[in-house]
Amino acid sequence: QVQLVESGGGLVQAGGSLRLSCAASGRTSSSYAMGWFRQGPGNEREFVAGMSDLNTYYLDSVKGRFTISRDIAKNTVYLQMNSLKPEDTAVYYCAARLRAQSSAVAGPYDYWGQGAQVSVSS
């Protein structure tokens, strides 16, 4: 079992920044692929960013604004979000996959956090 706990969400004005953290515990491994997804009101859950080994992947609309990173010693994955826009408002979820390869769809991920609300005002 792997437990994931997100933190760092909140309310920010457009153009501002937030950093989400995802602390992993239990049967963790640095070889697991990690991902961030989000789900806005009335929307399906969508892939935002992923990391496998040294490769990173991003949703086109967040490229250049969001950065996913990992601190192996702390078993923590981060999502640095800059230049936030109102359309970034959503609940953000951290996910872990018990394989090395990341995925841009939710199905292959094995564990999920409880979600962190990010609200961006215009």
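Residue indices begin at 1 and follow the sequence shown. The model shown is predicted, which means the values in this text are computed figures rather than measured ones.
Scanning both residues, Ser17 and Asn82, for their nearest heavy atoms gives OG-OD1, 2.9 Å. Annotation for Gly8 and Leu20: closest pair C-CD2, 3.6 Å, computed over non-hydrogen atoms. Listed here is the closest heavy atom pair of Leu79 and Ala49: CD1-CB, 4.0 Å. Counting all heavy atoms, side chain and backbone alike, Ser122 lies closest to Ala14 at CA-CB, 4.3 Å. Scanning all heavy atoms of the two residues, the minimum distance from Phe47 to Ser102 falls at CE1-OG, 4.5 Å. When all heavy atoms of Pro108 and Ser103 are compared, the closest pair comes out as CG-OG, 3.5 Å.
Taking the six-membered ring for Trp, Tyr32 and Tyr111 have ring centres at least 6.0 Å apart.
Cluster membership check: Tyr58 shares its hydrophobic cluster with Leu18, using side-chain heavy-atom separations under 4.5 Å among Ile, Leu, Val, Met, Phe, Trp and Tyr. Using a 4.5 Å cut-off between side-chain heavy atoms of Ile, Leu, Val, Met, Phe, Trp and Tyr, with links allowed through other members, Leu59 and Val77 fall into the same hydrophobic cluster. In the hydrophobic clustering of this structure, Val48 groups with Val12; members are Ile, Leu, Val, Met, Phe, Trp, Tyr whose side-chain heavy atoms approach within less than 4.5 Å, directly or through other members. In the hydrophobic clustering of this structure, Met81 does not group with Tyr78; members are Ile, Leu, Val, Met, Phe, Trp, Tyr whose side-chain heavy atoms approach within less than 4.5 Å, directly or through other members.
Here the CG-SG distance, from Asp71 to Cys22, works out to 12.5 Å after rounding to the nearest 0.5 Å. The OH atom of Tyr93 sits 13.0 Å away from atom CG of Leu4, with the distance rounded to the nearest 0.5 Å. Atom-to-atom distance recorded for Arg19:CZ and Ser7:OG is 8.5 Å, nearest 0.5 angstrom.
Thr56 places no side-chain N or O within 3.5 Å of a backbone atom of Met51 that could act as its donor or acceptor partner. Without hydrogens or angle criteria, Glu6 side chain to Gln114 main chain gives a donor-acceptor distance under 3.5 Å. Side-chain atoms of Gln80 never come within 3.5 Å of backbone atoms of Thr67 as a donor-acceptor pair (strictly under, hydrogens ignored). Remark: the backbone N or O of Arg27 is not paired with any side-chain donor or acceptor of Gln1 at under 3.5 angstrom.
Here Arg65 pairs with Asp88 under the salt bridge (charged side-chain N to carboxylate O under 4.0 Å, His left out) rule; sequence neighbours left out.
Of the N and O atoms on the side chains of Arg38 and Tyr92, at least one donor lies less than 3.5 Å from an acceptor on the other residue.
Put simply, the side chain of Trp36 reaches to within 4.5 Å of the side chain of Cys94, judged on heavy atoms. Contact of the Ile68 side chain with the Tyr57 side chain is not registered, since no non-hydrogen atoms from C-beta on lie closer than 4.5 Å. Residues Leu11 and Gln117 fail the side-chain proximity criterion, which asks for heavy atoms closer than 4.5 Å.
The neighbour count for Gln3 CD, taken as heavy atoms of other residues, nucleotides or ligands under 6.0 Å away, is above 12.
Remark: Arg45 is not positioned above the aromatic ring of Phe37, lacking an NZ or CZ atom under 6.0 angstrom from the ring centre and at most 45 degrees off the axis.
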